[in-house]
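Here's the structure, in structure tokens; my notes come after.
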Amino acid sequence: MDMVNSSAVPFSIALVFIAAVITKVAWGRKTTDLVSSCTNTLTRPPAVITGITSAVLLLHTLCTKGFRAMLQEQYTKFGSVFTISFFGMKTTFLVGPEVSAHFYQGPESEISHGNFLDFTVPMCGKDVGYGVDIATRIEQSRFYLDTLKPAKLRCHFAPMLQEVEKYFAQWGQQGTVDLKQELDQLLMLISARCLLGKEIREKMVDEVFSTFHDLTENSLQLTSLLFPYAPTPTTQRRDKARARLSSIFAEIEDLLQNLMDSKYKDGRPTTEAEVTGLLIGLLFAAKHNTTSTSTWIGARLLSHTECLEAALEEQQHIVNKHGDNIDYDTLLEMSFLHCCIKEALRMHPPSTIFLRKVHKNFTVQTTEGYKYEIPRGHTIASPLVINHNIPHIYKDPDVYDPHRFSHGREEDRVGGKFTYNAFGGGRHACAGEAYAYMQVKVIWSHLLRNFELKLVSPFPKTNWLKLIPEPRGEVEVSYKRRILPRNMLEK
């Protein structure tokens, strides 16, 4: 059941924001106060909230206009650096690329994730990811990064394409589907085939799909995010699902072997618990984010006739040049489809805001020449929901315009290195970016070539109650098979 409604969303955003700040930042309050008393040589960022009245006004904007509007209002009033304080808990927002360099490039000793990602530990396990120290985490990432290198992506293309063709072959000549649900199922099949192995894909995919769904749904609930170890029904369902996944993975020797053969720098081999945790984390990253992104791309494309026609023309050109023999190199020629994906990610990034904890004072300077010191103990935030919508960088930011990324415009480079951060950046850039683009291109190039598609339901609103904001409710799309031989633009 969809428990989200228009009145609950803004209130829930406020609740999540305040609770997250208070819960996750409280441990740094004392340190911040001590540092503040000792270092007053540089100007601190302007503070949004100085009293109860100001706090009430801010919350009113948040509840009536939404999260983006609330931040946009503060950005307009205070500029690219400002601090929001609730009961002494301070979060400093860094808006725009000119003040974001240290956020993305600062070393772990000076700026880190802090404990903001602790909720992933019960999901992936205490032996991997944010359950271990940074040095171990870096080594663990090395075990699977090789799989995501461009040279290795070619190996994933054929099985990925087979899964896509097989899935859509089950559709009839015409009909109506919930695009979000269809893509969710398909991407689970692709992830199982490419990341977990053919044995799981053929024998256990249904159980893996349902168990993984239980794990992620219960891991990403508000109570699990803020209180990951509370003895609630949600966390109990999460832990039960994780135990079952561990049992399934342990039964598949071929699946575990490559990672089991991996060794740390000191010669220690990986354990079964570590391998299981790495697989869950990899599966989550490969499938969960891409489901939301693929759905948003469909909703945007099917709502903009001009963009849809341009995408169809590109596919027709590909067919005329290569026939239906699509391969990895052919995907690289789909530049407009790439821009369509990138634009959907700009407007609907999987993470609307990135958070870090400051361990060492640092300074930022705005384009206007103002210089501010960010003190140790502060939480700092890079709000993509604002960064990707700055008018002097992105022309008409509320308009879906894939051409903004085309050669000659390239608005994502206007402000420099950190203008566009849908996949993060710097030290914490997502290693799976190329893999994600490949998945989405394989799916949507096939759909565009083989079906006439139309968005039946209204353009979906965003479900802000999800950690990864996804389209709310069903995204109904009607389809009709194209008849071969075909001209892509003939109806």
Side-chain angles (χ1 to χ4, degrees), residues 1-5 9 160-196 200-201 204-221 237-238 241 245 283-303 308 340-341 344-345 347-348 350 436 439-481:
M1 182 189 302
D2 186 0
M3 299 181 66
V4 183
N5 56 64
V9 170
M160 194 178 289
L161 180 61
Q162 290 171 9
E163 291 297 334
V164 169
E165 292 177 338
K166 182 178 179 180
Y167 188 87
F168 290 120
Q170 301 174 84
W171 282 12
Q173 289 300 311
Q174 59 184 20
T176 301
V177 296
D178 176 5
L179 184 65
K180 184 169 67 174
Q181 181 179 0
E182 295 292 314
L183 293 177
D184 186 47
Q185 294 176 351
L186 171 58
L187 282 160
M188 186 65 202
L189 295 172
I190 291 174
S191 297
R193 176 72 177 276
C194 295
L195 302 177
L196 302 184
I200 277 191
R201 165 63 182 91
M204 296 183 173
V205 70
D206 290 338
E207 184 174 8
V208 170
F209 178 83
S210 60
T211 306
F212 183 77
H213 181 270
D214 289 343
L215 175 64
T216 55
E217 285 299 304
N218 289 289
S219 295
L220 302 180
Q221 294 295 322
R237 289 191 296 268
R238 175 202 65 199
L245 273 184
L283 186 60
F284 175 80
K287 182 261 178 189
H288 206 73
N289 293 2
T290 313
T291 297
S292 176
T293 297
S294 299
T295 307
W296 281 122
I297 291 165
R300 286 291 178 183
L301 262 181
L302 300 181
S303 300
L308 178 60
C340 291
I341 299 168
L345 282 164
M347 302 184 79
H348 307 282
Q439 283 191 109
V440 179
K441 281 185 179 179
V442 170
I443 292 170
W444 274 104
S445 62
H446 180 88
L447 284 171
L448 292 170
R449 290 196 312 274
N450 291 277
F451 297 94
E452 298 174 14
L453 302 166
K454 181 179 179 181
L455 183 63
V456 176
S457 56
F459 186 84
K461 295 183 178 180
T462 302
N463 182 356
W464 293 106
L465 290 184
K466 294 288 188 177
L467 178 66
I468 299 172
E470 63 182 31
R472 190 198 313 171
E474 295 185 351
V475 182
E476 294 186 356
V477 170
S478 65
Y479 68 86
K480 182 179 180 181
R481 286 190 181 275

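The basis for the numbers below is simple: all heavy atoms, side chains too, and nothing from hydrogens, waters or symmetry mates.
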Do Val442 and Ile190 make a side-chain contact, defined as non-hydrogen atoms from C-beta onward lying under 4.5 Å apart?
no

Within the distance-only criterion (no hydrogens, no angle test), does the side chain of Thr211 pair as donor or acceptor with the backbone N or O of Val208 below 3.5 angstrom?
no

Do Leu308 and Ser303 come close enough that some side-chain heavy atom pair is under 4.5 Å?
no

So, do His348 and Pro471 sit near enough that their side-chain heavy atoms are less than 4.5 Å apart?
no

For Thr176 and Ser478 the tightest heavy-atom approach is OG1-CB, 3.9 Å

Distance, nearest 0.5 Å, that separates CH2 of Trp444 from CG of Leu301:
6.5 Å

So OG of Ser191 and CZ of Phe284: to nearest 0.5 Å the spacing works out to 12.0 Å

If you apply the rule side chain to side chain contact (heavy atoms under 4.5 Å, CB included), what do you find for Asn450 with Phe168, and how did you get there?
CA-CA 9 Å; Asn450 291 277; Phe168 290 120; over 6 Å; no

Quick check for you: to the nearest 0.5 Å, what is the distance between Ile297 atom CD1 and Leu345 atom CG?
6.0 Å

I'd like to know if the side chain of Ser292 reaches the main chain of Pro469, judged simply by a donor and an acceptor atom lying under 3.5 Å from each other, with no hydrogens or angles considered.
yes

Can you find a pair of side-chain heavy atoms, one from Phe451 and one from Arg481, that are under 4.5 Å apart?
yes

Could you check whether any side-chain N or O of Arg193 sits under 3.5 Å from a backbone N or O of Met160, counting only pairs where one atom can act as donor and the other as acceptor?
no

Just verifying a value: how many Å separate Ile443 CD1 and Ser445 OG, rounded to the nearest 0.5 Å?
9.0 Å

For Glu182 and Val177, work out which heavy atoms get closest and say how close.
CG-CB, 3.8 Å

About how many Å separate CZ of Phe209 and CG of Asp184, when rounded to the nearest 0.5 Å?
4.5 Å

Any side-chain heavy-atom pair from Leu283 and Met188 closer than 4.5 angstrom?
yes

Using 0.5 Å steps for rounding, measure from the CG atom of Asp214 to the CZ atom of Arg237.
8.5 Å

Enumerate the residue pairs fulfilling salt bridge (Lys or Arg N to Asp or Glu O under 4.0 Å) with a member in residues 165-181, sequence neighbours excluded, ordered by first and then second residue.
Lys180-Glu470

Nearest heavy-atom contact between Val477 and Val456 is C-CG2, 4.1 Å

Mind telling me whether Trp296 and Phe459 have parallel, tilted or perpendicular rings, with 30° and 60° as the class edges?
tilted

Kindly give the heavy-atom pair with the smallest separation between Arg238 and Leu215, and that separation in Å.
O-CD1, 3.6 Å

Using only atom types and a distance under 3.5 Å, with no angle test, would you say the side chain of Tyr479 pairs donor to acceptor with the backbone of Gly172?
yes

I want to check something: taking the side chain as every heavy atom from C-beta on, are Leu447 and Trp171 in contact at a cut-off of under 4.5 Å?
yes

